[in-house]
Amino acid sequence: MSPAGETESTPPRTNAPAYGASKIESTPNSRGASVVSENIGVLGVKVKNVGPWIQRDIEQVKECKADAMLQALLQRASSAPETEQPELLQKCLKAVLPVCNGQASTALVKSSDIETALNEYVCPGVENNFYGPFIRATNIALACLEEIKIDGMRAPVPTVDMICQQNDMPMHQMHQTKKSIRKPDLVILPLNSACAPFQDETGDKKGKQTNKQKGAQKNDEKDDDQRKKKRKAHMDTNATAKPKKLPWKDVLACIEFKRKTAGRTKGIKSPSPTYTVTDHVPTKPEYLPVDHLKAEVPAPGPSHTPATQPASDTAPAVQSSGLTTAQHSKGRSSSKRKATDTLEESAAKRSKGNHDDKDADADADPDVTVQTGLYAAEMFAANLGVNYLLNIIVVDDVMWIWYYDRQGIIQCSGINFIQDLPRFLVLLYALQRFDLHDWGRNKDFLPIEVEGKLCHEVKIDDENLGEVDLLLHTSHDERVTHYGLQGRATNVVPVTSEALTKKYGKFEDGMVAKIFWGEASRTSEPEILKKVEEIAKRHATVQDHVPQLLWHHTFTNPTAAIREALGVPEPTTGSRVLYILVFPKLLPIIQLHGKELFDVWRQCISCHLTLWKEGVHHRDVSPGNLMWYWRDDKRIGVLNDYDLSSLADDLGPRGNERTGTVPFMALDLLTKEGQRGEVKHLYRHDLESFIWCFAWISLRYENGVLLSRRLRPLDEWATLGAVACGVEKYHFQGNVKPPARSHIDSSLWAFITLTSRRTARNQNQILMVFYSHSKIPRVGLRLANLYQNLHSDFLYPLHYLRFGFASSDTCVDCPYLIRLQ
């Protein structure tokens with residue numbers, strides 16, 4: 001399946017058998033939400049803005065059979081999760097039959113009430129009418145399943161005590177400077193988290209509840225009777241009520257409902273009078289379709305590209321199946337949705353009749369798969385180092401389990417949870433035995449409260465240092481977060497550590513931890529930095545101009561493992577592992593302007609040039625990767641972030657896909673061919689990225705402060721996809737106009753103007769101008785011997801310096817010519 005907006009003849013992704021006749025010269029680029037994560041503060045988090053990017057991730061979903069998913073979840077909840085137990089599914093299907101057939105009961109509930117709730121569920125009605133019966137059936141089943149013991153399976157986890165809770169209320173979360181608003185229909189929560197909003201309303205304080213939770217965890221829920229009564233009271237009163245201000249960090253899973261046909265007059269088939277163990281019967285459709293998401297989107301022109309629409313090439317219109325598209329109870333038809341519906345009218349989810357929600361985005365109606373993906377993005381962002389997530393989509397009487405991790409998305413085939421009630425209860429049985437780690441929370445990142453603020457504690461045994469303690473200040477204003485579903489998902493967090501301070505001493509600006517999911521097949525960033533450190537010992541242009549890696553750790557949790565268990569084709573292609581790296585804190589280049597900006601920028605170019613010549617290719621030049629620090633009252637530029645770098649001696653592309661920073665990529669790479677990896681990444685492409693960075697910073701910032709939206713240009717570069725951004729940048733080259741704000745002096749403006757233009761006769765040539773504040777007349781330099789002369793002190797006194805070079809990247813030992821103009 002091809003990404004949105006591409007023609008049907010577009011070659012498949014790299015995990016498909018081939019790219020046709022085209023040769024892969026470099027790693028193909030991601031087209032999903034990870035592309036815009038760095039600029040989420042510019043793009044915004046309304047559904048109409050981020051929905052199309054999430055959609056691109058959804059379109060790449062993989063598929064597995066329902067029984068394979070159930071088996072994998074049971075294995076995870078078993079008493080020996082590392083030991084393969086192929087008989088678990090059949091054993092559990094038989095064990096839950098008494099609950100399915102109304103033959104089980106506890107002191108507080110009886111399983112025959114499940115049938116009563118399901119009979120209410122199948123009645124005709126609008127979507128909202130589904131919530132209550134489904135919640136009651138689920139929570140009654142959970143109460144009964146708690147009493148069932150199956151050999152090889154763990155007991156329920158009382159410290160989690162999962163419960164199904166109605167939501168359908170706005171949930172808020174901050175992403176950089178933007179607040180998202182989402183409204184999942186139902187959520188799975190720990191019992192204490194589900195009760196907390198309602199206890200607050202009756203006057204109980206969250207602090208007291210938190211202490212009770214901690215006490216309960218310490219006592220390991222000794223008073224089991226009291227816990228069950230509390231659960232039953234919540235089931236009877238508040239489980240079907242709408243809570244206020246649920247935090248995303250507590251959500252274990254979201255459940256989203258859709259009617260196949262809104263307001264249908266015919267009901268769903270009633271529950272079976274008796275259930276037995278049967279083979280799984282495929283549903284119609286077996287999988288939620290995503291092909292219809294690739295709607296026709298007009299190719300934008302340079303002057304009218306909407307800032308919220310990602311890049312697209314012309315594509316044939318694809319008719320929607322009508323099944324997965326979000327529909328309101330008013331019966332809006334969407335069997336043939338147009339691109340304007342899909343991309344431009346999609347905002348946060350509609351209130352479904354609740355018009356008193358003034359915060360929610362208006363006119364929201366994304367496809368249910370995209371909608372649920374947006375919830376997954378919120379869940380990923382709410383907790384640190386999340387391994388994976390589960391969500392459930394329900395259309396009438398069929399449910400699909402969606403599994404999300406940083407390698408991609410998997411959906412299992414549909415389960416008719418009414419006619420195949422045993423499989424639904426087996427799912428609940430497995431999930432009920434999940435601890436927080438089984439739900440995807442990272443057990444190595446322990447949330448703790450320090451001086452009233454949420455932090456995360458990490459303790460890792462190191463063979464050289466012993467125990468390394470890290471306190472990650474995740475509530476700090478300077479934390480850099482990620483928004484999206486897959487990819488590196490980089491978080492940068494201020495960190496303190498007694499062990500590292502003991503070894504290195506205190507750093508004036510402190511330390512930061514970089515946490516990200518790197519592709520297992522790529523040369524790791526620590527390996528790259530080891531090579532960089534060796535080069536720095538030989539070259540002054542690199543020494544002190546690269547980050548100092550203090551400590552790193554690789555977690556042994558490859559994302560390929562679940563794909564192997566589920567039978568997903570090519571499970572290791574694009575597999576990711578979690579890294580944590582600790583560095584001294586650096587300062588961002590966007591704080592600088594004019595001569596100071598130029599000086600740090602030039603140092604980074606010189607460092608980059610030497611590294612390239614020595615066999616380290618950075619390949620991701622962006623303002624976020626250009627840093628600096630003070631030393632002896634001088635600003636020292638640092639070329640940062642090597643997790644997408646490659647070594648010259650690598651044989652071919654090492655990764656499945658990479659996330660280039662689109663606004664700063666070379667124009668040759670902002671093409672279909674470039675994005676597919678069919679254009680070899682050359683030195684001049686990185687050098688061109690430096691030019692775009694300088695223009696971006698100079699035009700958008702004044703003394704380190706981002707200009708207001710009215711005054712700053714180029715916002716659309718951060719919100720468009722690769723091809724459309726390339727069109728905008730070509731337009732910019734031919735229509736460079738003075739900025740609305742006069743914060744740029746004439747010399748700097750001349751520099752920006754000249755550096756941003758390519759020669760008309762040779763599109764493989766870059767025209768670049770070096771800038772300084774000296775008064776020496778203009779001098780032109782045709783520089784072929786770029787490697788040896790770019791960093792020369794000879795260049796400093798020049799007011800302007802022009803150079804061009806060919807695309808071959810084989811310029812060493814060629815003569816250069818200097819002439820006065």
Side-chain angles (χ1 to χ4, degrees), residues 25-26 532 535 539 541-542 545-546 589 597-627 637-642 644-646 648 660-671 674 679-698 717 725-726 729-730 732-733 751-759 762-771 780-792 795 798 800-812 814 816:
E25 298 284 358
S26 61
V532 168
I535 297 171
H539 295 276
T541 51
V542 177
H545 297 286
V546 292
I589 197 172
L597 169 63
F598 173 81
D599 187 47
V600 168
W601 178 74
R602 179 201 56 78
Q603 293 177 51
C604 292
I605 293 178
S606 299
C607 175
H608 176 277
L609 170 66
T610 304
L611 288 175
W612 190 284
K613 185 178 177 181
E614 292 292 324
V616 176
H617 300 169
H618 190 278
R619 295 165 54 99
D620 188 27
V621 175
S622 68
N625 296 336
L626 308 180
M627 313 292 284
V638 175
L639 182 64
N640 199 32
D641 198 353
Y642 292 79
L644 288 181
S645 301
S646 62
T661 312
V662 168
F664 317 107
M665 292 175 68
L667 291 170
D668 287 349
L669 304 179
L670 296 179
T671 60
V679 176
K680 185 176 181 180
H681 195 116
L682 305 175
Y683 176 82
R684 62 187 177 83
H685 295 137
D686 274 14
L687 186 57
E688 185 179 336
S689 294
F690 276 107
I691 299 171
W692 294 119
C693 289
F694 194 95
W696 175 275
I697 298 167
S698 299
W717 292 9
C725 184
K729 289 167 76 171
Y730 270 112
F732 172 81
Q733 287 183 322
F751 172 64
I752 294 170
T753 302
L754 289 169
T755 56
S756 301
R757 288 176 177 166
R758 299 173 112 182
T759 59
N762 184 1
Q763 289 300 314
N764 286 327
Q765 188 180 61
I766 296 174
L767 181 65
M768 184 174 180
V769 180
F770 275 87
Y771 166 88
L781 171 64
R782 178 75 177 180
L783 178 61
N785 193 358
L786 177 66
Y787 289 141
Q788 297 180 5
N789 294 280
L790 179 60
H791 56 273
S792 171
L795 304 184
L798 303 181
Y800 287 104
L801 175 69
R802 298 183 183 182
F803 70 87
F805 58 100
S807 61
S808 64
D809 278 349
T810 56
C811 306
V812 180
C814 295
Y816 62 90

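Because the structure is a prediction, the values reported are computed rather than measured. The chain is numbered in sequence order, starting from 1.
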*Apply side-chain contact (heavy atoms from CB on, under 4.5 Å) to the pair Val532 and Leu611, showing each step before the final yes or no.*
CA-CA 7 Å; Val532 168; Leu611 288 175; 4.1 Å; yes
Nearest heavy-atom approach of Val662 to Trp717 is CG1-O, 4.5 Å
Taken to the nearest 0.5 Å, the spacing of Ser689 OG from Arg619 CZ works out to 11.0 Å
Taken to the nearest 0.5 Å, the spacing of Leu682 CG from Leu669 CG works out to 8.5 Å
For Asp641, the salt bridge (Lys or Arg N to Asp or Glu O under 4.0 Å) test, sequence neighbours excluded, returns Lys514
Applying side chain to side chain contact (heavy atoms under 4.5 Å, CB included) to Ser622 and not counting sequence neighbours gives Glu38, Asn625, Thr661, Phe664
Should the ring pair His685 and His681 be called parallel, tilted or perpendicular, given that the plane angle runs from 0 to 90° and is split at 30 and 60? perpendicular
- request: Report the C-alpha distance between Leu626 and Phe690 in whole Å, list the side-chain angles of each, state the deciding distance to 0.1 Å, and finish with yes or no for side-chain contact (heavy atoms from CB on, under 4.5 Å).
  value: CA-CA 9 Å; Leu626 308 180; Phe690 276 107; 3.7 Å; yes
Taking every heavy atom of His618 against every heavy atom of Asn640, the minimum-distance pair comes out as NE2-O, 2.8 Å
Residues Cys725 and Pro663: closest non-hydrogen pair is SG-CA, 4.0 Å
Heavy-atom closest pair (Asp668 atom, Thr671 atom, distance to 0.1 Å) is O-OG1, 3.2 Å
Rounding to 0.5 Å, atoms CD1 (Ile605) and OG1 (Thr541) come to a distance of 12.5 Å
Report task. Would you check if the side chain of Lys729 reaches a backbone N or O of Met665 as a donor-acceptor pair within less than 3.5 Å? Result -> yes
| task | Test Leu609 against Lys613 for side-chain contact (heavy atoms from CB on, under 4.5 Å), laying out the working first. | result | CA-CA 6 Å; Leu609 170 66; Lys613 185 178 177 181; 5.6 Å; no
Heavy-atom closest pair (Val600 atom, Gly637 atom, distance to 0.1 Å) is CG1-CA, 3.7 Å
From the list Val616, Val542, Val546, Asp686, side-chain contact (heavy atoms from CB on, under 4.5 Å) with His608 holds only for Asp686
Heavy atoms of Leu667 and Gly726 approach each other most closely as CD2-O, 3.8 Å
*asked:* Quick one: does any side-chain atom of Thr610 pair with a main-chain N or O of Ser606 as donor and acceptor, under 3.5 Å?
replied: yes
Sorted by chain and number, sequence neighbours left out, ring pair (Phe, Tyr, Trp, His ring centres under 6.0 Å) with His617 holds for Trp612
Interatomic distance, CD@Glu688 vs OH@Tyr683, rounded to 0.5 Å, equals 12.5 Å
